[in-house]
Every structure is written in C-alpha cells, then in structure tokens.
Amino acid sequence: GQQVMQIPQYQHVQEGEDFTTYCNSSTTLSNIQWYKQRPGGHPVFLIQLVKSGEVKKQKRLTFQFGEAKKNSSLHITATQTTDVGTYFCAAITNSGYALNFGKGTSLLVTP
Amino acid sequence: NAGVTQTPKFQVLKTGQSMTLQCAQDMNHNSMYWYRQDPGMGLRLIYYSASEGTTDKGEVPNGYNVSRLNKREFSLRLESAAPSQTSVYFCAGGAGLLEQFFGPGTRLTVL
C-alpha cells in the first residue's frame, strides 16, 4: 500500500499561534485525505486533495498537495481551543478501496 | 439517519474469550472497514469489504475474522481474545476514493 508518514507527532501551541502538520510519502499518491479526531471521538473527514499542487481552504484551515503528489500539509491559522485533536492524513491503497492512515499529529491548544 | 453505528461501546474480556463487534450503516455505502487504534499507532486497517459478498485483509488481520452479512452490516469477530487486542475499534463505511464515515468506536479491554 501507499504508506504515509506524518510529522510532528505532537504539537503544543498557545491559542492564536499557527500550526502545520506534514504528510510525506516515498511514492506518488493518487489522492490524499485529511481527518480530524477530537479527544474521545471518532475520525471525521475534512477534505480530499486530488490534483498536483492543489490548495484548498476551509476557513482557517489550508490544505496543500505537493506538485509531485508525494506530500501534503495542513496549516491552521490563529489556532483556537476548538482545534484541539489529532489530525490524520490518509492515502488510498493500491486496491483503490482502502486507506492507509498516517500516525497522526496531536494538537494541544492552551488558552 | 444514524450513519454508522457500533455495538457495544465498551467491552471487557478475559484472555481466550470470544466476541463479535457489530457494525451497521444506513448510508448505502458499498464498502465497509474495520480499524483498530492504539496510542501512537494511528488507525490500522484490520479487514475491509469492498462490496457485499467480498472481504479482504488489511494491515493487521491476524486474530480476527469478519463477515459482511449484507450491504448494511459488517461484523468483526475475535475467536480467542488476547491482551494485545486491547484497543479501540472503529468501523467505517465509504465508497472507494471518497470519504469514509466512522462509527463511534468500541473500546475493548482484554485482561
């Protein structure tokens, strides 16, 4: 399958600071998905990127897909306490039906 | 619509006991998935069913069996539970390259 590595594993920021998590693969990805999991909750889909160099925004969240389709990033501007959780990237496996998830980046935001 | 439901929410087993985790979806998804989540390990795919009548192994299938009972239901069975199977189990429904919808999870402890 198409393995994805995520960094950092943990990030602790003050409210109002920016945050970025990175997702990297050694192989070209067909697409990349991002999920958010709140503490004690289940993963919830945020977005899917498909095109080389694609950039999508959702309010304070900016998602990028690299030109070579081997990396992706999620950037949060001016974090809020509601951003707390673990952010996962995921790539479609060769079967086309399953996802390989990165290990996630856990974000802690202190007021 | 309930989305994806899982039962039970919590379970404690003794080593060697068996149990079945139930999952049902009312979103008419062809594909269904079982993941386990352990601290620092992200989400690892146990088994998936690309469509009714088919099942395939994921990354960590050993010690588990699955049944795709019909389009709505996908169960995960532990024949002889081991402490290493202590985890949070998530079921998800989806459609190939599109987003996956996760259930609330089952928190399983094996003593």
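Chain A is the first sequence line, chain B the second, and so forth, proteins listed ahead of strands; every chain is numbered from 1. In this text the structure is predicted, and so the values were computed from the model without any measurement. These values consider heavy atoms only, across backbone and side chains, with no hydrogens, waters or symmetry-generated copies.
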Pairwise side-chain contact, Y35(B) with L99(A), heavy-atom cut-off 4.5 Å (strictly under): yes

Common cluster, I46(B)/M19(B), ILVMFWY with side-chain heavy-atom separation under 4.5 Å: yes

Contacting moiety of R107(B), where chain A heavy atoms sit under 4.5 Å: side chain

Hydrophobic cluster identity match, Y48(B) and Y89(B), side-chain contacts under 4.5 Å: no

Common cluster, Y87(A)/L29(A), ILVMFWY with side-chain heavy-atom separation under 4.5 Å: yes

I32(A)-L74(A) co-clustered via ILVMFWY side chain contacts under 4.5 Å: yes

Single-linkage hydrophobic cluster, 4.5 Å side-chain cutoff, V4(A) and V60(B) together: no

Toward chain B, the part of Y35(A) with a non-hydrogen atom under 4.5 Å: side chain

Enclosure of F45(A) CZ (heavy-atom neighbours >12, cutoff 6.0 Å): yes

Rounded distance (nearest 0.5 Å) linking atom CD of Q3(A) with atom CD of E59(B): 6.0 Å

Q6(A) portion near chain B, given a 4.5 angstrom heavy-atom threshold: neither

Residue pair G41(A) / F90(B): nearest heavy atoms and the distance that separates them: O-CZ, 3.6 Å

Which portion of L45(B) sits near chain A, non-hydrogen atoms under 4.5 angstrom: side chain

Where G42(B) and F88(A) come nearest, the two heavy atoms and their spacing: CA-CE2, 3.8 Å

Q33(A) vs Q100(B), side-chain hydrogen bond (donor to acceptor under 3.5 Å, both in side chains): CA-CA, chis, key distance, verdict: CA-CA 10 Å; Q33(A) 296 183 5; Q100(B) 292 188 8; 6.0 Å; no

